[in-house]
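As a basis for the values below, the full set of heavy atoms in this structure was taken, side chains included, without hydrogen atoms, waters or symmetry mates. A note on names: the letters A, B, ... follow the listed sequences, proteins ahead of strands, and every chain is numbered from 1. These numbers come from a predicted model, not from an experiment.
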Amino acid sequence: MSFFLTLLIAFPLLAGLAVMVFSSPDDGDFPRWGALVAAVVNTCASLGLLSGALAGEHGWLLRSFEEKRAWVEAFGIHYWLRVDGFSTFLILLTTVATSVAVAASWNSVKSRAHIYFGSILVLSGAMIGVLASADLFLFYVFWEIMLLPALFLLGIFGGSLRRDALYKFVIYTMVGSLLMLVGVVFLGAQHLAARGTWDFGFDALYGLPLSPGAASWAFLAFVAAFAIKAALFPFHTWLPTAYSQAPMPVTFLLSAVMAKLGVYGLLRIAMPMFPDAAQTAAPYLAALAVAGVIYAAFAALAQDDAKLLVAYASVSHLGVILLGAFSFSQQAVVGTVFHLIGHAVTTGALFLLVGFMAERRGSTLISDWGGAARVMPVFATFFMLMMLAAVGLPGLSAFVGEFLILFGAFRDYAVLAALAATSIILGAAYMLWWYQRTMFGAVTQPEVARLKDLTLREGALLLPIMLAVIGLGVYPQPVVSAITPASVQYLARFGVEPDKSPTASPKNLEPLRHQSREHAHQEPVTSH
Amino acid sequence: MLTYAPLFPVILLTLVALVAMLMSALVRDASRTGVFSAVGLLFVMALSLQQWGTQQGPANILGNAVTVDGYSYFFYVLFCLIGIVTVFIAMPHLEREQAQRGEFYTLMLFSLVGMFVMVSSDDLMTLFLGFETMSLAIYVLVGWRRHQLRSNEGVLKYFFLGSLAAAIFLYGIALIYGSAGTVNLQSVAALLTAPGSALGVNGVFTVGVLLVLVGVGFKIAAVPFHMWTPDVYEGAPAPVTAFMATAVKAAGFALGIRLIAFLFEHQQLHDIAHIILFYGAILTMFVGNFFALAQKNFKRMLAYSGIAHTGYLLVGMLALPEAGAGTAVLYYLVAYALTNLGALAVAAFISGREEKFDNLEDFSGMAWRYPLAGICMAVCMFSLIGFPLTAGFFGKYMLFAAAFKANLAPLVVIAIVNSILSVYYYLRVVVVMFVEPVAENAAAPETMPLATKAVLAYTVAAVVWSGVGTFNVTPFFPGLVPLRAKAEASMKALTAIPQARVSTGTVEGKSSAPLQANAPLIH
Amino acid sequence: MIPTHHFLIVSAALFSIGLAGFIGRRNLFIIFMSVELMLNGVNLSFLAFARHLGDLGGHVFTFLVIALAAAEAAIGLAIVILIFKNAGAAAQSDALSVDQYQALKH
Amino acid sequence: MTSSYLVSLVPLFPLLGAILLGLIALFSVGSGEGPNRRLVGLIACLGPILSLVVATRLFLGLYDHPQGYVHTAFTWFSVGSLHVPAEFWADRLSGVMIMVVTFVGSLIHIYSVGYMGHERGFTRFFAYLNLFTFSMLVLVLGKNVPLMFLGWEGVGACSYLLIGYYFTESEKALAANKAFIVNRVGDFGFLLGLFTLFWYLGSKGVWTVDFATIRAHADLITPAMAGVIGMLLFVGAMGKSAQIPLHTWLADAMAGPTPVSALIHAATMVTAGVYMVARMAAVYGVAPAAGHFIAIVGMCTAILAATIAITQHNIKKVLAYSTVSQLGYMFAAVGAGAYAAGVFHLFTHAFFKALLFLGAGAVIHAMHHEEEMDRYGGLIRKLPFTGGVMLIACVAIAGLPPLAGFFSKDAILFAQWESGWYWLYAVGLFTSFLTAFYMFRMWFLTFTGRPRDAQLFSHAHEGPAVMNGPLLVLAAGTVTVGFLGLPEALGGSAFAHWLAPAVGEHAHLPADLSGGALAAAKVALHRSEWLFASFAVVAGGLGILFAWLKHGTHVLPVFGQASGLFGVFQNKWYFDHVYDALFVKPSIHLLGWGTRHVVDPFIIDGVVRGVPRLYGAFADTIRLLQTGAVRVYAYVLLVGMLALLSFVLTKWSF
Amino acid sequence: MHPAFFYLLSFVAIAAALAMVTQRHPLPAAFALVLSFLGLAGVYALLVAPLMAILQILVYAGAIMALVVFVIMLLNVRDEDLPREPGMPWQLGAGFAVGGVFFAMMVDVLSKYNSSPVTVSELSRAYGTSATGEPLFGGIATVGQVLFLKYTFPFEVISVLLTVAVVGVVVLAKRRI
């Protein structure tokens with residue numbers, strides 16, 4: 001049995017606690033360096049997951065990383081970790097995002113740095129735990145632990161409206177969590193009723209015979225929990241407040257990973273464990289998701305604070321992702337998981353940039369900016385790239401996922417997918433408008449004229465993100481093919497067979513209607 | 001001699017109490033009495049644990065006036081644990097209040113004797129006497145700050161309402177005695193299940209049972225018998241509040257479970273109890289959570305929160321026929337006790353002299369001044385919410401699981417709604433302590449006494465440790481870990497009694513048809 | 001022979017008068033004595049039942065209750081004294097009124 | 001054929017150039033002078049020129065391999081039935097396109113070295129331009145729809161970047177936004193078209209996004225479905241190629257540097273829509289209704305843009321609307337199924353419109369970036385070369401033989417007539433008159449008459465050789481390329497013949513004729529071709545005459561606000577006003593404002609905050625029930641007890 | 001004994017009880033309560049509970065009530081210390097309403113408690129008779145036997161309870177702690 005996943009989870013958790021406990025409140029350097037070293041080490045370690053993921057035909061699970069131990073035997077609760085195509089890259093994303101978040105907060109945390117950096121590490125560990133759990137109970141435990149450091153980071157280090165944001169955040173997520181607890185207990189009890197024992201292992205709960213009426217309620221309980229995390233309209237209002245009030249590196253982490261976990265939960269638990277209820281409810285949920293896409297896009301259009309604008313943009317994009325999660329075509333499912341990563345990179349980067357803007361100008365109000373591209377050209381270049389990535393330009397990270405989702409969802413919900421596709425117009429509208437108002441135009445404010453361009457540290461932070469943005473956009477196939485087997489497994493739970501592979505064309509290329517004879521029946525010259 | 005072995009823990013505890021009484025008269029340094037009490041309780045706990053491990057089945061001695069079974073031992077250990085922690089909360093507290101007197105520990109020990117009695121008998125009258133012994137000692141403890149009006153008022157209210165409840169309880173016992181001819185619960189259970197017996201549908205008996213339930217409901221603060229709780233909790237010194245919120249409530253539930261367990265043996269009584277508990281639980285949960293939100297005083301808030309938790313526990317009691325429900329209730333009691341001890345230990349420390357600063361706003365920013373207190377409070381609040389990796393989570397989880405199995409899904413949903421409501425006020429405490437600026441008027445000393453530190457560290461560790469759920473590991477925390485492991489067996493011992501009675505009864509089988517539908521308590 | 005339930009009804013009457021006194025009066029002493037009256041009502045029930053059943057348990061219970069009442073009386077009176085001395089000094093009048101003590105509320 | 005990897009090389013060179021230049025630009029920030037402009041210019045021109053070399057090699061090879069070359073570089077992404085390789089396909093259609101792109105692109109790169117020589121952000125400009133060339137090449141070479149979409153969006157982004165090149169001027173940045181967003185509306189339709197196509201074909205058992213496979217299986221699509229798909233895809237073309245109602249961005253796009261306008265907004269990018277429709281010829285072949293619709297939209301755009309063009313004062317705006325108008329022609333052609341004619345017009349238009357823009361650039365360069373014709377006049381004396389080449393281009397676009405525009409436009413108009421769409425033909429003919437009018441109006445206003453700004457006039461001078469060279473080459477092209485597409489009467493179109501394997505051949509004669517009937521039909525065809533050609537020549541000539549009468553003879557033409565119908569023309573038919581009132585303002589001020597200030601804070605958060613607030617208020621109220629009076633507590637206790645007792649005693653009888 | 005004794009004694013007990021709750025000053029109320037207890041002692045005697053009757057007089061009416069009276073006197077309750085109870089009739093009326101409802105319910109329930117009681121002869125047979133022919137039931141010997149054989153544990157518990165009371169009173173009443 002491998003300890004790899006346990007290490008991956010426990011290392012940041014323990015390092016985080018150690019940073020909190022063994023550092024004096026006035027000391028900034030120890031937590032900073034400690035957290036950075038821990039995060040980077042964990043990032044490097046997590047690369048080990050790729051050995052399995054990229055090995056090619058590895059089947060559904062990376063069996064070599066699986067760990068299973070009894071935890072509470074009386075209730076069939078296991079300490080059971082494993083990863084598959086859905087979770088591998090999200091774990092990688094988490095570790096990388098943690099490192100970036102730590103580095104991005106280097107100078108911005110003035111006091112209580114030990115709590116700050118410790119919380120980030122604990123958050124990271126809990127998120128990896130959520131992603132690696134193969135037992136519903138364990139999943140729930142990690143899910144809840146995740147809330148704590150987020151609470152601290154928002155409540156202690158947040159902006160001036162942090163109390164409001166904190167309450168909203170907590171109320172929303174706790175409502176979701178407790179509803180999920182009902183669902184967890186329900187599933188356990190159903191297993192008990194059907195099989196005579198308690199068991200919370202995912203494998204035991206998939207395909208469990210459920211009583212339809214109660215199952216749909218339990219399904220909704222799970223969906224509520226996950227939808228709140230993933231900011232499904234109309235449960236999204238916590239997100240803009242929390243994202244705009246949290247320190248930007250934290251927002252980066254929340255937006256890049258935590259919001260994604262809601263979608264992950266849908267794909268891992270809510271949908272496949274209640275296939276019937278899921279298929280019944282999916283159109284309505286998809287409609288909500290699409291409503292969110294459009295709604296948040298319009299809201300983003302009307303924001304005058306960059307933080308809120310990006311937050312609403314993120315809600316809008318999450319709507320697209322959720323649409324994918326509620327669809328049952330392979331493209332949509334793979335696209336959903338891929339977009340979790342692709343969108344994480346772009347939105348995360350935008351939040352980082354907004355953070356840099358806040359550090360420089362002391363304000364993220366759009367009206368406090370204007371013409372900055374002349375003053376900080378390198379910043380403007382990075383910003384442009386991320387902005388174009390965020391609007392889903394092909395060849396950059398967000399395109400593939402968005403395309404696959406819309407593409408796949410179109411099969412099940414043509415009208416909804418079409419409505420969701422309006423986000424490519426609206427997204428361009430608010431993003432470009434924002435960029436233009438912030439970066440373009442003449443420099444009219446003396447404060448803007450004094451701004452400094454990107455520092456080396458910030459550039460070094462953005463560089464890997466930039467490479468990821470381009471890399472995922474240009475050559476997504478390795479990731480896509482690693483996700484694919486898991487998606488097949490996932491769809492099989494709904495009785496959905498994957499489409500046949502592209503047909504070798506049943507007939508040869510025939511001449512067109514009016515085509516002249518001498519060019520007919522000539523094969524194109526190909527070489528691969 | 002060995003016939004009386006099951007009584008040894010009670011006897012030992014009484015001896016400890018008597019020695020403490022002598023010490024309080026003779027030894028000048030009262031803190032020594034405190035230490036002695038703690039050590040004595042440790043011994044009692046060790047003895048209980050040892051006997052728990054060795055004793056086979058329930059022991060009925062002294063003409064069935066004493067029944068000591070696993071259930072009793074469970075509570076012995078729990079009471080001892082609470083007692084020891086209370087001593088350590090009280091010692092620095094009393095020192096600061098300059099009210100360090102041996103009688104405090106003596107009375108606490110005597111009230112523990114009363115509690116021990118409450119769980120060592122099936123005889124209603126004995127139970128009642130235990131109940132009163134406990135109550136009388138607590139009355140005095142509540143009024144410990146005798147020059148403070150707040151404390152006086154608390155004891156006044158508690159004493160008068162307590163006497164009223166005691167009288168009602170006693171009247172109930174009288175009616176049961178009159179209708180059943182006995183006040184021994186085992187005999188009553190046997191009569192209830194005896195074929196052709198009309199006891200279960202006897203009006204006098206039923207009213208007697210209801211009156212007894214009112215008395216118990218008073219002690220566990222079930223709505224509408226809860227009104228005294230916030231006032232008394234607020235008026236009492238924090239260590240006493242801690243003791244009341246944990247030990248007294250646990251004792252009340254110990255009594256309640258015993259009563260309910262035999263009531264459930266009879267169909268009609270089961271129906272009655274079911275309906276009462278059902279609506280009582282809902283009412284209790286809602287009242288607790290609604291009132292708690294509006295509180296500004298921390299101890300008052302905890303009092304209402306305690307009422308809400310009584311509601312959750314009532315859900316568990318309702319599910320009692322279901323396997324695991326008893327375990328859930330007992331485990332919940334432990335979790336709740338640990339959590340409240342931690343929270344009130346923090347309050348006892350932070351509130352300052354005479355607890356002038358026990359309003360929530362006075363706790364503002366205190367987590368930064370006293371990190372351990374902050375952590376402890378946060379852990380306790382999260383445990384009360386039912387957050388994973390805390391004791392409260394497993395408690396709630398087990399309760400809900402049992403209730404689900406017992407087809408009480410509506411109650412579970414209501415309980416969840418209430419849990420959501422409760423998040424508000426629990427979290428506010430954490431927010432106040434961590435997010436708000438440090439309060440200027442705080443009067444707590446700069447350094448935290450060792451005993452307080454020990455208590456806080458212990459409760460944090462215990463709450464988290466039992467939340468991790470690693471029950472099978474060698475106990476790091478005396479009394480805590482085996483509790484969960486053995487609670488199941490203890491519940492079996494308790495609920496097996498009526499069954500054993502039935503099987504040894506005069507006539508085999510149950511003749512009355514409705515009884516058939518009644519599910520046995522333990523599968 | 002007087003039917004047992006006559007005794008029981010007398011007992012219930014005493015208990016009810018105790019109840020009425022408890023909630024109908026403000027005087028601490030009278031409230032206290034109302035409780036005593038209720039206990040006596042219960043005692044009567046015990047003895048009536050004992051006679052009815054021919055069982056001496058009721059007598060023992062009565063005995064125990066009397067002892068209990070003594071203990072309770074001691075504690076209760078001590079509390080009343082304490083309150084009277086403390087609060088009486090503070091409040092110029094109505095020191096014996098139970099309604100005087102309403103500081104802990106809401 | 002061993003050299004098929006060359007297909008992937010074509011877009012590679014500009015990409016490498018773009019990356020290199022981008023890095024140079026990024027690392028030279030703050031280094032004062034910036035990088036060596038000569039070196040940068042060299043690198044910049046190298047990309048498209050190398051591509052041109054490779055493209056020429058491929059193009060020549062296509063003569064023997066009409067089905068083209070395919071090279072799969074790697075798998076872009078592949079999920080289940082959706083297989084999207086990065087696969088490039090040079091067939092005869094894309095062959096023409098890569099020639100246009102690389103040839104015109106190279107010339108414009110060279111021209112820009114001169115034109116942009118003194119601009120800040122020189123390197124950045126060429127990085128964008130190279131990136132554009134790359135995207136455009138991907139667009140035309142991509143063998144499947146998503147890959148084409150990559151190029152499609154890529155050129156859009158580059159267009160955005162280049163229009164906003166002078167970003168310190170807010171209105172130019174806004175023009176860039178507008179271009180991108182309006183294009184996105186088109187892309188929206190394009191994507192939906194792709195989705196419909198894929199899932200519809202998939203339902204027939206063919207899962208593909210590959211152009212060749214789609215072409216082979218287009219007959220599986222029902223006409224109605226093909227109509228829907230065709231319309232949706234055409235929406236994409238509308239955006240990219242500035243057709244009504246998505247044409248509004250192109251005129252604003254003139255905010256970019258003039259070479260950009262020449263390359264992107266005249267010669268290449270804007271023709272992508274036409275190319276796409278030609279690529280999907282098989283699908284449109286199934287849906288004649290969609291074709292008709294496209295033709296109508298095209299012709300409407302043509303005349304609408306022409307009417308606007310006759311009222312514009314800005315030289316680039318005139319050219320911009322001219323472009324829109326010409327694009328309309330192209331769509332009219334492809335709508336009528338005359339793909340060869342459409343693409344041929346695209347081909348010739350690339351030459352003369354690039355020439356016009358570059359010539360205009362030379363004028364603007366000479367006039368110190370003054371673009372308003374109000375201040376031109378008499379420039380032929382200062383800029384004889386520029387005036388000369390522009391005259392050639394104007395004649396070409398006016399449709400006078402034997403220049404390129406004559407043949408291509410004639411073929412289009414004839415195709416309308418042949419399709420039986422006589423109204424469209426009439427509109428086209430009238431537009432042809434307007435075209436000649438506004439082009440010569442522009443030429444006369446610029447080059448003849450008296451100078452209207454003496455100071456600017458006195459400083460005007462011809463551009464450097466690096467600018468004039470490309471003008472000369474393009475002029476030569478304008479004169480000669482027309483002969484590739486002769487009408488049947490003059491021996492038939494080599495161009496159409498060349499394209500036939502890719503888009504099919506537009507049959508001028510019924511297929512079932514033979515012998516004498518065929519010969520007779522041929523004679524009739526040739527006669528009508530002559531007839532219609534003469535109509536076109538007359539229309540063009542009239543236009544020039546009118547322009548001469550109105551503007552050539554006046555010493556000082558009147559400029560100012562036109563009124564009446566011309567007012568509508570000058571205000572671009574109020575499209576911008578309507579869009580602003582209908583879409584832009586309501587989005588921001590109604591929907592955006594409403595979500596931000598009403599729905600989120602009051603409705604949703606009203607619940608989120610309201611429920612807790614209610615909870616709090618309720619709690620604050622009921623806490624008063626705890627009065628603190630012992631007797632009240634006792635009452636509650638006793639009443640509770642009595643309620644309990646009475647409930648039990650009444651529910652169960654004892 | 002004649003049933004009239006029962007009704008007379010009951011009347012005394014109830015009337016005295018009523019008098020107790022209606023007195024303004026606690027001292028007359030205490031005396032009324034003593035009277036009531038005495039009446040009750042008589043009823044106890046009617047119930048063949050001589051020991052309890054004696055204890056009632058000795059301990060209850062004697063000791064406990066003496067304590068109460070003593071405390072009332074000790075506190076030297078002035079008139080103004082007594083609660084002004086202007087609305088006392090109303091309050092008491094409400095109290096009696098609650099008590100009355102309870103009483104009515106109890107009467108309803110208890111009146112069904114009419115099975116035939118154990119007869120005197122049966123008592124005599126079970127517990128024996130004294131020299132005068134009275135049953136030993138309820139006498140000091142029989143009660144003591146039961147108390148110490150069957151109810152040892154509660155007896156021990158009550159001793160603890162009394163100890164608690166002692167300690168408690170010491171704590172509460174001491175001048176300074």
Side-chain angles (χ1 to χ4, degrees), chain C residues 2-10 12-14 16-17 19-27 29-30 32-34 36-37 40 44 47-48 50-54 56-57 59-60 62-64 66-71 73-75 77-82 84 88 93-99, chain E residues 3 6 10 13-14 17-18 20-21 26 29-30 33 37 40 43-44 47-49 52 55 59-60 64 67 71-72 75 77 80-83 85 91-92 94-96 98-99 102-103 106-107 110-111 113-114 117-118 122-123 126 138 142-143 146-147 151 154 158 161-162 165 168-169 172-173:
Chain C
I2 308 145
T4 308
H5 66 265
H6 285 205
F7 290 95
L8 295 178
I9 287 167
V10 172
L14 290 176
S16 304
I17 293 168
L19 277 186
F22 189 96
I23 55 181
R25 294 298 304 266
R26 293 180 184 170
N27 192 309
F29 280 108
I30 293 183
F32 172 75
M33 288 189 286
S34 296
E36 296 292 324
L37 187 61
N40 272 279
L44 179 53
L47 291 175
R51 167 70 188 78
H52 187 89
L53 298 166
L56 277 175
H59 291 233
V60 174
T62 309
F63 172 80
L64 294 173
I66 290 173
L68 173 82
I75 295 282
L77 290 172
I79 290 169
V80 172
I81 294 172
L82 180 70
F84 187 80
S93 61
D94 282 6
L96 273 182
S97 168
V98 75
D99 284 356
Chain E
F6 165 71
S10 300
I14 290 172
L18 283 172
M20 185 274 283
V21 295
L33 191 60
F37 287 171
L40 267 179
V43 178
Y44 291 176
L47 282 168
V48 204
M52 290 308 125
L55 281 179
V59 180
Y60 232 128
I64 298 177
L67 181 66
V71 168
I72 295 171
L75 288 183
V77 178
E80 63 263 31
D81 289 333
L82 291 175
E85 296 181 87
Q91 292 166 21
L92 209 53
F96 274 113
V98 171
F102 181 74
F103 180 63
M106 292 315 292
V107 169
L110 291 173
S111 55
Y113 193 86
N114 48 15
V118 176
E122 279 170 329
L123 279 181
T142 50
V143 173
V146 173
L147 181 63
Y151 293 99
I158 203 87
L161 188 132
L162 287 168
V169 169
L172 285 175

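Summarising the geometry of C/Leu37 relative to E/Ala17, their closest heavy-atom pair is CD2-CB, 3.5 Å, with the distance given to 0.1 Å. Contact record, E/Val21 with C/Gly21: CG1-CA, 3.7 Å, taken as the closest heavy-atom pair. Nearest approach of C/Ala69 to E/Tyr60, heavy atoms of both residues: CB-OH, 3.1 Å. The heavy-atom pair separating E/Pro26 from C/Met33 by the smallest distance is O-CE, 3.6 Å. C/Glu36 and C/Ala73 make their closest contact through OE2-CB, 4.1 Å (heavy atoms, listed as atom of the first residue, atom of the second, distance).
Only the side chain of C/Leu82 comes within less than 4.5 Å of a heavy atom of chain E; its backbone N, CA, C and O stay farther away. Looking at E/Leu67, both its backbone and its side chain come within 4.5 Å of chain C, counting heavy atoms on both sides. Interface residue E/Leu75: backbone and side-chain heavy atoms are both found under 4.5 Å from chain C. Residue E/Tyr151 touches chain C through its side chain alone, counting heavy-atom pairs closer than 4.5 Å. With a 4.5 Å cut-off on non-hydrogen atoms, E/Leu33 touches chain C through its side chain but not through its backbone. The part of C/Leu14 that comes within reach of chain E is its side chain, from C-beta onward, which places non-hydrogen atoms under 4.5 angstrom from that chain. Heavy atoms of E/Leu40 lying under 4.5 Å from chain C belong exclusively to its side chain.
Chain C forms the most heavy-atom pairs under 4.5 Å with one residue out of E/Gly168, E/Ala13, E/Ala126, E/Gly138, and that residue is E/Gly138. For the set C/Leu77, C/Thr4, C/Thr62, the count of heavy-atom pairs under 4.5 angstrom toward chain E peaks at C/Leu77. In terms of heavy-atom pairs under 4.5 angstrom with chain C, the leader among E/Phe37, E/Phe6, E/Phe102, E/Phe96 is E/Phe6. Of all the listed residues (E/Leu110, E/Leu47, E/Val71, E/Leu92), the one sharing the greatest number of non-hydrogen pairs under 4.5 Å with chain C is E/Leu47. Of the listed residues (C/Ala13, C/Ser34, C/Ala70, C/Ala67), the greatest number of heavy-atom pairs within a distance under 4.5 Å of chain E belongs to C/Ala13. The greatest number of non-hydrogen atom pairs below 4.5 Å with chain C, out of E/Val169, E/Val107, E/Val59, is found for E/Val169. With respect to chain E, the highest number of heavy-atom pairs below 4.5 Å among C/Ala12, C/Pro3, C/Ala20 belongs to C/Ala20. Comparing C/Ile79, C/Asp99, C/Leu53 by how many heavy-atom pairs each has under 4.5 Å with chain E, the most go to C/Leu53. Taking chain C as the reference chain and counting heavy-atom pairs below 4.5 Å, the highest number among E/Met52, E/Glu122, E/Met106 is found for E/Met52. With respect to chain C, the highest number of heavy-atom pairs below 4.5 Å among E/Val98, E/Leu55, E/Leu18 belongs to E/Leu18. Interface check for chain E: of the options C/Asn27, C/Ile9, C/Leu8, the most heavy-atom pairs under 4.5 Å are formed by C/Asn27. Ranked by heavy-atom pairs under 4.5 Å with chain E, the list C/Asn40, C/Leu47, C/Ile81 is led by C/Asn40.
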Output, in order, the C-alpha distance, side-chain angles, deciding distance and verdict of side-chain contact (heavy atoms from CB on, under 4.5 Å) for C/Ile23 and C/Leu19.
CA-CA 6 Å; C/Ile23 55 181; C/Leu19 277 186; 5.7 Å; no
So C/Phe32 and C/Val80, side-chain contact (heavy atoms from CB on, under 4.5 Å) or not? Walk me through it.
CA-CA 9 Å; C/Phe32 172 75; C/Val80 172; 5.5 Å; no
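Under a 3.5 Å cut-off, the side chain of C/Arg51 and the backbone N or O of E/Val118 do form a donor-acceptor pair.
Between C/Phe7 and C/His52, the ring center distance fails the sub-6.0 Å criterion.
Shown here are the ring-ring contact (aromatic ring centres under 6.0 Å, His included) partners of C/His5, two or more places apart in sequence or in another chain: there are none.
C/Val10 has its side chain out of reach of E/Val43: every pair of non-hydrogen atoms, C-beta onward, lies at least 4.5 Å apart. Side-chain contact check for C/Phe63 versus E/Leu147: some heavy-atom pair is nearer than 4.5 Å.
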